[in-house]
Amino acid sequence: MTVNVGLIGCGIMGTDHAAILNRMVAGARLVAVQDAFAQRAESLAARLTGLHVHATPEALIADPNVHAVVVASADDSHAGYVLACIRAGKPVLCEKPLAASNDACREIVAAELAYGKRLVQVGFMRRFDPGYVTMRDTLRSGSLGKPIFLHCVHRNKIAPDYITSDLVIANSAVHEMDVARFLLDEEFAAVTVISARASRLSSQRQPQFVVLETVAGVVVTVEISPDAQYGYDVQGELVCEDGSMSLAPVPNVTLRKAGHSGFVVEEDWRTRFADAYRLQACAWIEAIQTGRPTGSSAWDGYAASVTAYTALDALKSRQRTSIHLEARPALYDQ
Ligand SMILES: NC(=O)c1ccc[n+]([C@@H]2O[C@H](COP(=O)([O-])OP(=O)(O)OC[C@H]3O[C@@H](n4cnc5c(N)ncnc54)[C@H](O)[C@@H]3O)[C@@H](O)[C@H]2O)c1
C-alpha cells in the first residue's frame, strides 16, 4: 500500500520532510501541501510533481486522497492540526513540540485514548539516530550494568536572534529530555537549571546547564550552548556500572590539514541528523502500513512538554523543582 501524505507547513523542516518522503522512503508519496504563506506551498508544488495545493489545513486533512499528515508549521499551530487529524482518523507525524502547552498535550492524549489507538508520532528524530539506538540496545543488553550518569552536550553554531534563555531550554534541551527518556526508559523526578554567563555574541540569552534526576536516581546533565561558534555539536556519554559509552562523531572521515588532524563539525542539525530524519520517515510509513506505531508517542510529547516547562520554572526560581507527570495510560506501554 502506498501512503499518500499531506504536508502542513512548507518552511525549512517541511521542505526537508517533502524531499525525504519523495525521494528516500519506499511506499510513500507526497500528494498535497499547505502553508499559511500560500506562496511557499506553491513554490514547493512547482519543484515537485503531482502536488495539490490546499487553501487551508482543514481542507488538506479532509482530502480523501490524503492518508496521513506531516505537521511542520509553527509550534503554536501543532495541537489544532493534530486534533483534527485524530478526529479524521488519520496518522500524523507532528514536528516537535506536540503542542504549545501541557494542557494542549493532555487534550491530544485524551483524544487519542478516546479514539482507541495511536495515530500520533512526534518528530523527536533522535530516537532514530543510529548512535542513540546503539546506546539504547547496548544498555538493554545488560552488558554495561545499570546506568548512573548521562552527560549531554548540545551546541549550536550561532542561534537566531529570537532565541532567548527560555527557548534555549524549550527548543534545544527538550531534544535531550526526550532522548534521555528513550535511552533510560524511565521518567524524570526533578530538575535544576544553572545559567552560565552570556557569550559576548548575545546578551539576550545565556548558555544553560540542566541537571535532571530520574525516578531511579540516574543523573542527566545537559549543557546547552546556543552560540558555540565552531559548529553544531551534539555529544552524549552514558556512564554505567561496568563501563561507559559515548556517541561517536558522525563524519566518517578524518581530515588532516594545516597542522591539524580531526573531524569536520556539522553546520547544523539537518546535516548532523540527516540519517535520523530519513529513518524516522521510513519508520513512520512502515508503522502506518503495518499498524504497529513507533517513535515518540503523544504521551512522550506530553512528558517532554511537562519536563521542559518544569525546567523553565526551575530557571526562574533557581530551585531544584519536582516534575509531576500523570500516570501513563496503557495505550502507551511499549
Ligand atoms: N525536529 C527538529 O529537529 C526540528 C528542528 C527545527 C524545527 N523544528 C520544528 O519544526 C517546525 C517548523 O520549523 P521550521 O524551522 O521549518 O520553521 P519555518 O518558519 O521555516 O517554517 C514554518 C512554516 O510553517 C508556516 N506556518 C506557520 N504557521 C502556520 C499555520 N498556522 N498553518 C500553516 N502553516 C503555517 C510558515 O509560513 C512557514 O512556511 C517548528 O514547530 C519547529 O519547532 C523541529
Side-chain angles (χ1 to χ4, degrees), residues 96-97 102 122 124-127 129 131-156 165-197 205-226 228 233-249 296 299-328 334:
K96 63 90 198 159
N102 293 339
V122 184
F124 281 119
M125 76 296 175
R126 290 193 193 182
R127 288 178 179 234
D129 176 77
Y132 284 117
V133 170
T134 303
M135 278 170 95
R136 179 176 149 107
D137 290 348
T138 308
L139 183 63
R140 285 187 152 196
S141 75
S143 60
L144 288 183
K146 290 192 178 128
I148 297 171
F149 287 109
L150 173 62
H151 299 298
C152 308
V153 169
H154 185 142
R155 298 182 187 145
N156 286 84
S165 292
D166 278 11
L167 288 177
V168 164
I169 289 173
N171 272 15
S172 299
V174 72
H175 276 292
E176 267 74 18
M177 292 165 181
D178 180 72
V179 87
R181 289 182 64 254
F182 168 71
L183 288 174
L184 302 169
D185 220 356
E186 57 164 325
E187 301 298 356
F188 294 119
V191 58
T192 310
V193 180
I194 303 161
S195 302
R197 76 180 205 205
R205 55 178 168 259
Q206 289 173 281
Q208 305 292 340
F209 193 77
V210 180
V211 181
L212 293 147
E213 298 160 59
T214 71
V215 171
V218 180
V219 173
V220 177
T221 66
V222 185
E223 175 212 304
I224 319 123
S225 294
D233 189 9
V234 165
Q235 301 169 26
E237 182 185 15
L238 189 54
V239 181
C240 302
E241 291 170 316
D242 298 315
S244 95
M245 54 188 153
S246 303
L247 291 175
S296 188
W299 179 260
D300 295 315
Y302 158 74
S305 172
V306 171
T307 307
Y309 282 115
T310 311
L312 291 178
D313 291 341
L315 171 67
K316 281 191 201 87
S317 69
R318 305 282 166 196
Q319 301 287 319
R320 177 181 179 275
T321 307
S322 298
I323 296 174
H324 301 288
L325 285 183
E326 288 168 9
R328 186 173 67 192
Q334 270 100 27

Evaluate the side-chain proximity of [Y] to [X]: yes if any heavy-atom separation is below 4.5 Å, no if none is.
{"X": "Val168", "Y": "Gln206", "value": "no"}
{"X": "Val306", "Y": "His324", "value": "no"}
{"X": "Arg127", "Y": "Asp300", "value": "yes"}
{"X": "Trp299", "Y": "Glu326", "value": "yes"}
{"X": "Gln208", "Y": "Ser165", "value": "yes"}
{"X": "Phe124", "Y": "Val179", "value": "no"}
{"X": "Asn171", "Y": "Lys96", "value": "yes"}
{"X": "Arg320", "Y": "Val211", "value": "no"}

After noting the C-alpha distance and the side-chain angles of Phe188 and Val220, does the key distance pass the side chain to side chain contact (heavy atoms under 4.5 Å, CB included) rule?
CA-CA 9 Å; Phe188 294 119; Val220 177; 4.0 Å; yes

Thr138/Leu238 under side chain to side chain contact (heavy atoms under 4.5 Å, CB included): CA gap, chis, key distance, verdict:
CA-CA 11 Å; Thr138 308; Leu238 189 54; over 6 Å; no

Check: Ser305 side chain, Gly301 main-chain N or O, donor-acceptor pair, under 3.5 Å:
no

Counting distance only, does the side-chain N/O of Glu237 pair as donor-acceptor with the main-chain N or O of His151 below 3.5 Å?
no

[X] to [Y] - nearest heavy-atom pair and separation:
{"X": "Phe182", "Y": "Tyr132", "value": "CE2-O, 4.3 Å"}
{"X": "Val174", "Y": "Ala308", "value": "CG2-CB, 4.2 Å"}
{"X": "Leu139", "Y": "Gly145", "value": "CD1-O, 3.9 Å"}
{"X": "Pro226", "Y": "Pro207", "value": "CD-CA, 3.9 Å"}
{"X": "Ala311", "Y": "Val193", "value": "O-CG2, 3.4 Å"}
{"X": "Pro147", "Y": "Cys240", "value": "CA-SG, 4.0 Å"}

Among Asp313, Thr307, Leu312, the one residue meeting side chain to side chain contact (heavy atoms under 4.5 Å, CB included) with Tyr309:
Leu312

Nearest 0.5 angstrom please: [X] [atom1] to [Y] [atom2], how far?
{"X": "His154", "Y": "Ile169", "atom1": "NE2", "atom2": "CD1", "answer": "12.5 Å"}
{"X": "Leu325", "Y": "Asn102", "atom1": "CG", "atom2": "CG", "answer": "9.0 Å"}
{"X": "Arg328", "Y": "Tyr302", "atom1": "CZ", "atom2": "OH", "answer": "12.5 Å"}
{"X": "Ile323", "Y": "Met177", "atom1": "CD1", "atom2": "CE", "answer": "7.0 Å"}
{"X": "Ser244", "Y": "Phe149", "atom1": "OG", "atom2": "CZ", "answer": "12.0 Å"}
{"X": "Thr214", "Y": "Arg181", "atom1": "OG1", "atom2": "CZ", "answer": "11.5 Å"}

Could you walk me through whether Gln235 and Leu247 pass the side chain to side chain contact (heavy atoms under 4.5 Å, CB included) check?
CA-CA 6 Å; Gln235 301 169 26; Leu247 291 175; 5.9 Å; no

Between Asp185 and Arg140, is there a salt bridge with N-O shorter than 4.0 Å?
yes

Side chain to side chain contact (heavy atoms under 4.5 Å, CB included) evaluation trace for Leu150 with Glu176:
CA-CA 10 Å; Leu150 173 62; Glu176 267 74 18; over 6 Å; no

